[in-house]
Protein chains: 2
Amino acid sequence: MYNAHISADWTGSKENVHNARMKNDLHEALMDLVGVVNRPQPDQHLLKLAGVSLDRALFPLLVRVGLRGPIGVVELAELVGRDHSTVSRQVAKLESLGLVRRRAGDTDARVREAVVTPAGQAMVDAIGQARSRMYASVLAHWTEEEKATLTHLLRRLADDAKVWVKEEGGG
Amino acid sequence: MYNAHISADWTGSKENVHNARMKNDLHEALMDLVGVVNRPQPDQHLLKLAGVSLDRALFPLLVRVGLRGPIGVVELAELVGRDHSTVSRQVAKLESLGLVRRRAGDTDARVREAVVTPAGQAMVDAIGQARSRMYASVLAHWTEEEKATLTHLLRRLADDAKVWVKEEGGG
DNA sequence: GGATATATGTGCATTATACACGGATATCAC
DNA sequence: GTGATATCCGTGTATAATGCACATATATCC
């Protein structure tokens with residue numbers, strides 16, 4: 001239905017690869033979304049709703065540790081797109097706050113796998129609830145099929161993008 | 001087709017709003033994507049491909065000035081989710097580099113509307129080409145319908161999210 | 001066992017960022 | 001018109017975040 005009137009320029013095609021002015025509607029939408037996600041206000045807003053205080057930068061790390069279970073510094077750094085040294089300090093801060101705990105890896109003693117503590121999990125849960133209410137509000141007018149389709153395609157895009165980073169983006 | 005086997009928990013529903021452990025597949029995919037987009041390597045990679053050098057933080061600003069035409073500091077700050085003072089300094093830097101030019105607004109003398117210079121436009125174009133090749137590579141296996149559907153839904157999500165920010169997120 | 005690769009942490013300089021404030025302009029009430 | 005209020009922008013300042021270079025510990029390969 002919609003693709004009939006959408007004029008996305010998929011610039012791998014030969015017709016427009018030489019045209020300097022190119023539209024990429026997908027990229028524009030993605031950047032708009034990133035702008036919203038990156039702004040500090042929603043996090044702080046959610047934190048206030050959850051009744052807790054936490055540095056803005058520690059926020060995504062705590063959530064990801066809660067999500068990806070035991071995880072090391074390097075893998076975490078790749079997930080959030082920061083240098084491992086930065087993440088190392090931030091995880092240490094989370095540990096000193098009692099929100100994550102670290103233990104040596106079973107099979108690899110080099111990694112110090114981080115997991116959330118009960119206190120950290122409680123915070124992750126509280127944040128997750130507030131965030132879910134936000135999503136429910138944003139998606140109030142969406143049909144179940146639309147939400148499922150978007151989730152499916154976005155998941156695939158994220159996976160494909162990660163593959164690309166590994167193959168070409170990293171070096 | 002896909003929504004049959006997708007278990008997205010849309011936590012506005014009454015069944016699971018009281019469950020502390022909630023999955024939100026859409027959010028997870030989005031965060032993964034943000035992680036990829038936020039990492040510095042792709043930008044630097046694109047910049048090297050384009051043969052130019054530019055501070056990582058100035059990058060999204062230049063692109064957005066090129067995209068959103070004449071735009072003031074405050075509006076730009078809202079787009080990228082940073083404080084207006086931060087954006088003010090960065091736009092000044094872009095101006096000193098000769099990549100953007102500023103003029104007083106026609107109807108409002110308070111705003112100093114920024115537009116890209118020819119040099120800035122050339123850089124935006126070069127970056128756009130490299131980026132489009134990246135998208136083409138990432139989406140190589142996608143059908144046209146899938147790409148159009150994702151673009152459509154993502155655009156709508158971005159718009160709905162911005163409405164939400166205006167209504168509830170900003171205060 | 002030695003060479004190489006990876007995971008983590010730290011010293012350090014640089015940069016990015018936010019907050020608070022002030023000046024300039026616009027808008028509104030009257 | 002005049003004053004009150006709001007908005008846009010820039011700057012001073014302190015703080016936090018970040019990346020790089022380097023060191024250490026462990027793993028892996030031959």
Side-chain angles (χ1 to χ4, degrees), chain A residues 34-35 38-45 47 53-62 65 68 70-97 100-115 166 170-171, chain B residues 35 38-45 47-48 53-62 65 68 70-97 100-115 166 170-171:
Chain A
V34 168
N38 273 351
R39 67 192 310 148
Q41 289 89 350
D43 285 353
Q44 299 297 339
H45 191 59
L47 284 170
S53 176
L54 189 62
D55 277 352
R56 168 172 59 95
L58 273 49
F59 199 88
L61 288 180
L62 176 62
V65 171
R68 298 301 184 96
I71 186 173
V73 169
V74 168
E75 190 180 349
L76 202 49
E78 285 171 359
L79 277 181
V80 298
R82 308 273 143 202
D83 193 80
H84 73 92
S85 63
T86 298
V87 173
S88 175
R89 289 178 237 266
Q90 289 170 334
V91 172
K93 212 178 288 185
L94 283 177
E95 193 176 26
S96 76
L97 290 172
V100 310
R101 170 175 42 93
R102 286 196 284 183
R103 52 175 167 79
D106 294 337
T107 68
D108 191 334
R110 290 173 303 179
V111 308
R112 297 219 294 151
E113 297 175 334
V115 290
K166 272 201 181 303
Chain B
N38 273 350
R39 68 191 307 147
Q41 288 90 350
D43 285 352
Q44 298 298 337
H45 190 59
L47 285 170
K48 276 179 188 167
S53 177
L54 188 64
D55 277 352
R56 170 171 57 96
L58 272 51
F59 199 89
L61 288 180
L62 175 62
V65 171
R68 298 303 185 93
I71 185 173
V73 168
V74 168
E75 189 179 349
L76 201 50
E78 284 172 0
L79 278 181
V80 298
R82 311 271 140 197
D83 193 82
H84 75 94
S85 63
T86 298
V87 173
S88 175
R89 288 179 237 266
Q90 289 170 335
V91 172
K93 213 178 288 183
L94 282 177
E95 192 175 26
S96 76
L97 290 172
V100 309
R101 170 174 43 92
R102 286 196 282 183
R103 53 176 166 78
D106 294 337
T107 68
D108 191 334
R110 291 172 304 177
V111 308
R112 296 219 294 152
E113 297 175 333
V115 290
K166 271 201 182 304

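Note that the coordinates shown come from a computational prediction; the quantities given were computed from them, not determined experimentally. A, B, ... follow the sequence lines: proteins, then strands. Residue 1 opens every chain.
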* Residue pair A:Val91 / A:Val100: nearest heavy atoms and the distance that separates them -> O-CG2, 4.1 Å
* Asked: side-chain hydrogen bond (donor to acceptor under 3.5 Å, both in side chains) with B:Arg89: which residues, sequence neighbours excluded?
  -> none
* Within this structure, what is the CG-to-C1' distance between B:Leu61 and D:dC9, rounded to whole angstrom? -> 15 Å
* Starting at the 5' end of DNA chain D, which residue's closest nucleotide do you reach first, A:Lys93 or B:Ile71? -> B:Ile71
* Asked: Roughly how far, to the nearest 0.5 Å, is the CD1 atom of A:Ile71 from the CG atom of A:Leu61?
  -> 9.5 Å
* Asked: Can you check whether B:Leu79 reaches B:Arg68 side chain to side chain, under 4.5 Å on heavy atoms?
  -> yes
* To do: Could I get the full list of side-chain hydrogen bond (donor to acceptor under 3.5 Å, both in side chains) partners for A:Ser88, not counting sequence neighbours?
  => none
* **Under 4.0 Å protein heavy-atom contact, by nucleotide of nucleotides 20-27 of chain D - B base, S sugar-phosphate only** => B-----BS
* Structure fact -> With sequence neighbours left out, the residues meeting side chain to side chain contact (heavy atoms under 4.5 Å, CB included) with B:Leu58 are B:Leu54, B:Asp55, B:Gln90, B:Lys93, B:Leu94, B:Leu97
* **OP1 or OP2 of C:dG9 under 4.0 Å from side-chain N/O of A:Arg102** => yes
* Structure fact -> In terms of heavy-atom contacts, A:Ala77 and A:His84 come closest through CB-CA, 3.7 Å
* **5' precedence on DNA chain C between A:Val91 and B:Leu58 (nearest-nucleotide basis)** => A:Val91
* Separation of A:Glu95 atom CD from C:dG9 atom C1', in whole Å? -> 12 Å
* To do: Note the angle between the end axes of the helix from C:dG1-D:dC30 to C:dC30-D:dG1, five pairs defining each, rounded to 10 degrees.
  => 50°
* Asked: Quick one: salt bridge (charged side-chain N to carboxylate O under 4.0 Å, His left out) partners of A:Arg102, sequence neighbours excluded?
  -> A:Glu95
* Please give, in whole Å, the distance from C:dG9 P to A:Glu113 CD? -> 13 Å
* **Nucleotide nearest A:Arg82 when distance is taken to its side chain, options C:dA16, D:dG19, D:dC8** => D:dG19
* **N or O in side chain of A:Gln90 less than 4.0 angstrom from D:dT18 OP1/OP2** => yes
* Asked: What is the minimum heavy-atom distance between A:Ala104 and A:Glu113, and which atoms define it?
  -> O-OE1, 4.5 Å
